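Please read these numbers as outputs of a predicted model, since none were measured by experiment.
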Amino acid sequence: MDRRTFAGTMLLGAGMAATGFPGIGEGMAHPPRLPVRLRATLVVELSSGRALHRSGAAATRFSPCSTFKIPLGLMGFDSGILRGPHDPAWDYDPRVHQASRDIDKQATDPTSWLANSVVWYSQVLTRQLGAAKFQRYIDRFGYGNRDLTGTPGKGDGLTQAWLMNSLTISPDEQVAFLRRMLAHKLVSPRAHALTEQIMPVFEGAGGWTVHGKTGSGRLLHGLNPASTTTTMGWFVGWADKGARRVVFARFGAGEGMPADGAGGPAMRKAMLAEIGALAG
């Protein structure tokens, strides 16, 4: 099974039965076609866990893409590899790192890593963690399917597992993970505090202050039968208003998503506009 087939199987197959979509059988010649438009939104009251809004494929697992920088932040600060909001600052090296955007080709620290969603910084971090420690953190966090194997036969899970590959997570699981994180139940208090400190902050509708991380990628095999890929996007995090705090996850793919692949920013824009109505 090549990388594209494997990634598509993982993205489309994991969790489909839970939402009424067909699963992927081993050896299946052609993956099933999903609806042309796929969406999921979950908003939960942090204190009680009560769902304020839940719609769409909230139980279906997909690649976390750059939303995975949130658990990576916890790992980095807990292990001591990351030391503060601006420490360490690692230089971009074109001989070692892969990047296509100009914003990636500069020195990056933990704050700019999340703000600019710099992939190579994540990969430096996971290489320093090492495979065994990386897996222990994922197991401790109970993160999605916990699968860090990466592409079969390539041994690239340490740097690729969360990038449209073996690791998958549902919107329900994203929110459950964030609730545990905000309860400071996963790692050291300092690591929790620093990870929360570097999260990007946005102004949401209705007076809500939103802390969140986008993720963009592609669903291989696509929702459109005429194409091989389709844009997918995430926006996950929490929002505060007065004494209230809610946790949310939003996912989208297919019809209505931007053709340029910026699925995460599209989900962020929609969530910021609707958070007031969804949170009540």
Side-chain angles (χ1 to χ4, degrees), residues 7 10-11 40 61-77 81-82 85 90 92 97-106 108-127 129 134 137-138 141 143-145 147-148 150 156-171 173-175 177-178 181 195-202 210-220 229-238 247-253 257-258 260-272:
M10 292 304 301
L11 288 164
R61 286 173 170 164
F62 302 96
S63 170
C65 297
S66 283
T67 67
F68 192 60
K69 289 180 174 65
I70 302 175
L72 282 178
L74 291 174
M75 298 177 206
F77 286 121
I81 296 170
L82 306 183
W90 292 328
Y92 171 75
H97 308 136
Q98 294 183 350
S100 58
R101 304 177 305 168
D102 289 341
I103 201 168
D104 296 333
K105 300 175 182 180
Q106 58 187 357
T108 299
D109 62 28
T111 299
S112 58
W113 167 50
L114 258 66
N116 299 329
S117 210
V118 180
V119 173
W120 66 259
Y121 195 96
S122 302
Q123 294 168 329
V124 173
L125 171 57
T126 55
R127 286 190 180 101
L129 280 171
F134 191 20
Y137 275 121
I138 286 294
F141 295 172
Y143 191 88
N145 69 349
D147 186 350
L148 297 178
D156 60 4
L158 189 60
T159 59
Q160 298 293 323
W162 67 96
L163 298 171
M164 297 174 289
N165 210 298
S166 59
L167 184 65
T168 58
I169 190 168
S170 69
E173 291 169 325
Q174 289 267 27
V175 165
F177 163 74
L178 287 166
M181 171 184 158
T195 303
E196 292 172 30
Q197 185 177 343
I198 65 172
M199 280 285 285
V201 182
F202 308 91
V210 179
H211 306 251
K213 184 70 193 76
T214 56
S216 299
R218 298 282 185 177
L219 282 178
L220 305 188
T229 64
T230 190
T231 298
M232 59 169 272
W234 287 97
F235 186 51
V236 307
W238 65 92
V247 184
F248 64 85
R250 185 159 210 160
F251 176 87
M257 298 293 283
D260 63 1
M267 292 298 95
R268 180 181 64 206
K269 180 179 179 180
M271 196 68 190
L272 293 178

If we only count heavy atoms from C-beta on, is the [X] to [Y] side-chain gap below 4.5 Å?
| X | Y | answer |
| --- | --- | --- |
| N145 | L167 | yes |
| V119 | Q98 | no |
| F251 | M232 | yes |
| M75 | P71 | yes |
| P171 | R250 | no |
| E196 | H211 | no |

Does [Y] offer a backbone N or O that forms a donor-acceptor pair with the side chain of [X] under 3.5 Å?
| X | Y | result |
| --- | --- | --- |
| D260 | A262 | yes |
| R268 | F202 | no |
| W234 | G217 | no |
| D104 | Y121 | no |
| T111 | P85 | yes |

Which atom of [X] lies closest to which atom of [Y], heavy atoms considered:
| X | Y | result |
| --- | --- | --- |
| P110 | F77 | CB-CZ, 4.1 Å |
| S166 | D147 | OG-O, 2.9 Å |
| L158 | T126 | O-OG1, 2.8 Å |
| S122 | W162 | CB-CZ2, 3.9 Å |
| K69 | K213 | CD-CE, 3.7 Å |
| G264 | S216 | N-OG, 2.7 Å |

Quick one: pull up [atom1] in [X] and [atom2] in [Y] and give me the separation to the nearest 0.5 Å.
| X | Y | atom1 | atom2 | value |
| --- | --- | --- | --- | --- |
| T108 | W90 | OG1 | CH2 | 10.0 Å |
| T67 | M267 | OG1 | CE | 13.5 Å |
| Q123 | L163 | CD | CG | 6.0 Å |
| L129 | I81 | CG | CD1 | 4.0 Å |
| L72 | L125 | CG | CG | 5.5 Å |
| Y92 | K105 | OH | NZ | 5.0 Å |

* Given T231 and R218, is the side chain to side chain donor-acceptor pair (under 3.5 Å) satisfied, shown in steps? -> CA-CA 5 Å; T231 298; R218 298 282 185 177; 2.9 Å; yes

* Mind running side-chain contact (heavy atoms from CB on, under 4.5 Å) on I70 and Q174 for me, showing each step along the way? => CA-CA 10 Å; I70 302 175; Q174 289 267 27; 5.9 Å; no

* Hey, are D109 and S112 close enough side-chain-wise for a donor-acceptor pair under 3.5 Å? -> yes

* Asked: For F68, which of F177, Y143, Y137, F62 qualifies under ring-ring contact (aromatic ring centres under 6.0 Å, His included)?
  -> Y143

